[in-house]
2 protein chains.
Amino acid sequence: MKEETITKGGRTRQAIEDAALILFLEHGYHATSMRQIADQAGLALGGIYNHFSNKEEIFSGIIMDKHPYKRVLPAILAAEGETAEDFIRSAASALVSELGNQPDFIKLMFIEIIEFNGKHASLMLREIGPKLLPVFERLVKVRKNLRKIHPAVLMRSFIGMFFSFYVTELFIADTPLKKVMPKDSFDLFVDIYLHGILKPEE
Amino acid sequence: MKEETITKGGRTRQAIEDAALILFLEHGYHATSMRQIADQAGLALGGIYNHFSNKEEIFSGIIMDKHPYKRVLPAILAAEGETAEDFIRSAASALVSELGNQPDFIKLMFIEIIEFNGKHASLMLREIGPKLLPVFERLVKVRKNLRKIHPAVLMRSFIGMFFSFYVTELFIADTPLKKVMPKDSFDLFVDIYLHGILKPEE
DNA sequence: CCTACCGATCGGTAGG
DNA sequence: CCTACCGATCGGTAGG
């Protein structure tokens, strides 16, 4: 949202990405036309090509600029806490506040998986994996109240908890189940997860 | 896979759905052309329209015929076990053997969410939700060794565990993390989940 | 940044 | 008269 670049070109580029993001999330990648993006961004079709050489570059740009992982990694790295429980709670709440309550962002990853066979996601994971795994390795070594869990599985299940929550959130959205579901479901997910990885306290 | 209809028309219809499923999973819905589907199915483009009136009808047909939920619901309903742990393990292993080890099937749901805004998925959940929720309500009432968890959250987190596993599986697939990850990760996920929902035994 | 277009390919349908 | 399917082409739109 914030920009260092106050140039007109930079602003137009951002407008194109914002417009495209809205449309991609709503209709998917291939179902969104360059003309729609141009209209939404408030310029002519040809004008887009002054900023992006093709459609996929707009998507890549969005992945780079808008993808949550840029905020996710620092949030986890910054998480602290005396106990493993405090650490996980800290990391989880930091992530949720970064990702927001809307599950829309997760659609970006789905588009990625379906339309590009996870090409960008794979690159992303190669970049953040080596930074993230040591955090969980340290957690396993230092925190005595953790059950014995493989660090990679600990990391994977922690990330997986968010997918578990957000994907089911998407499915429940327009169904009667939404009324039955408690409002604080995410906290309950974290609670179940914590019981899953911590030693019983008694 | 099995058909009652041995008619030629029924077989061709199946061949079209099989071909489309492969292509949809590989390239997505909009990136797959009717011509590709025709080629893959071994007939001419025009021939498709004797069996489906348009492209979306092919997708709907696949959802109806090939969607895992048709097998998922019976698998969960058939799960048994003396304790909650036995029940969850039974249901989990039944599901995994039904879904197979390939995470591909999950892409069908992602295409659904992205290209059709979860239109079919919502209908599906309205159908199976009322059948599935009572299973978890009964589980909460009967099994004493369960922690106090809202039935809807119990159901959601159980389903979510599969998304957690399969989505992360998709992301890890082509990265170095695949080597670090234990082979029996799914069992470890179930293990964490069970510790999450069960009372400590000591 | 726009207007005007291109090669090609899209989903869908014609008559036979 | 039906089914299943063909070669050819329809009106529009894709990315560029």
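Every chain is numbered from 1, with letters handed out A, B, ... down the list of sequences. The basis for the numbers below is simple: all heavy atoms, side chains too, and nothing from hydrogens, waters or symmetry mates.
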Checklist line | Shortest non-hydrogen separation from A:Glu115 to B:Gly28 and the atoms involved | finding: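 The pair with the smallest heavy-atom distance is OE1-CA, 4.4 Å.
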Check: So which heavy atom on B:Thr32 is nearest to which on B:His27, and how close?
Finding: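 Answer, listing the atom of B:Thr32 first, then B:His27: OG1-CB, 3.9 Å.
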Check: Of all the nucleotides listed (C:dT13, D:dC6, D:dG16), which has the minimum atom distance to the side chain of B:Tyr49?
Finding: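 Closest nucleotide among those given: C:dT13.
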Next item on the list: Answer yes if the ring centres of B:Tyr166 and A:Phe163 are under 6.0 angstrom apart, and no otherwise.
Entry: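 No, the ring of B:Tyr166 stays outside the 6.0 Å limit from the ring of A:Phe163, centre to centre.
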Item checked: Ring centre gap for A:Phe59 and A:Phe116 strictly below 6.0 Å ->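 Yes, close enough.
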[X] has an atom [atom1]; how far is it from atom [atom2] of [N], in whole Å?
X	N	atom1	atom2	result
B:Glu57	C:dG11	CD	C1'	14 Å
B:Phe52	C:dG12	CZ	P	13 Å
B:Leu45	D:dA4	CG	P	17 Å
B:Arg13	D:dA4	CZ	C1'	15 Å
A:Glu56	D:dG16	CD	P	9 Å
B:Asn50	C:dG15	CG	C1'	14 Å
B:Asn54	C:dG11	CG	C1'	9 Å
A:Ile48	D:dG15	CD1	C1'	11 Å

Next item on the list: With heavy atoms under 4.0 Å as the rule, sort A:Ala44 into base, sugar-phosphate or nothing.
Entry: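 Touches a base.
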Next item on the list: Taking only the side-chain nitrogens and oxygens of B:His51, find out if one of them lies under 4.0 Å from OP1 or OP2 of D:dC5.
Entry: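 Checking B:His51 against D:dC5: at least one side-chain N or O falls below 4.0 Å of OP1 or OP2.
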Next item on the list: Can you tell me which stems involve DNA chain D, if a stem is defined as three or more consecutive Watson-Crick or G-U wobble pairs, both distances under 3.5 Å?
Entry: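 When the pairs of DNA chain D are grouped into runs of at least three, no such run exists.
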Margin query: Over 60° means perpendicular and under 30° means parallel, so tell me whether A:Phe24 and A:Tyr29 are parallel, tilted or perpendicular.
Written below: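 Ring orientation, 0 to 90° scale: tilted.
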Next item on the list: Go through the side-chain N and O atoms of A:Ser53 and A:Glu57 and say whether any donor and acceptor fall under 3.5 Å apart.
Entry: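 Per modelled atom types, A:Ser53 and A:Glu57 side chains form a pair under 3.5 Å.
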Margin query: Ignoring hydrogens and geometry beyond distance, is a side-chain donor-acceptor pair present between A:Arg156 and B:Thr168 at under 3.5 Å?
Written below: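 Looking only at side-chain atoms, B:Thr168 and A:Arg156 do form a donor-acceptor pair, the distance falling under 3.5 Å.
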Note to self: Work out how far the C1' atom of D:dG16 is from that of C:dA4, and round it to whole angstrom.
What the structure shows: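 Going atom to atom, C1' in each nucleotide, I get 13 Å.
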Checklist line | Nearest-Å distance once atom C1' is located in both C:dG12 and D:dA8 | finding: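 Nearest-Å result for C:dG12 against D:dA8 at atom C1': 13 Å.
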Note to self: I need the single residue from A:Phe171, A:Phe186, A:Tyr193 that forms a ring-ring contact (aromatic ring centres under 6.0 Å, His included) with A:Phe165. Which is it?
What the structure shows: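 The single option meeting the ring-ring contact (aromatic ring centres under 6.0 Å, His included) with A:Phe165 is A:Phe186.
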Next item on the list: Determine, stepwise, if the pair A:Leu198 / A:Arg147 fulfils side-chain contact (heavy atoms from CB on, under 4.5 Å).
Entry: CA-CA 5 Å; A:Leu198 296 177; A:Arg147 291 177 50 229; 5.8 Å; no
Margin query: Using a 4.0 Å cut-off on heavy atoms, which residues in residues 28-37 of chain A reach DNA chain C? List them by number, or say none.
Written below: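 When residues 28-37 of chain A is checked for heavy atoms under 4.0 Å from DNA chain C, the hits, listed by number, are A:Arg35.
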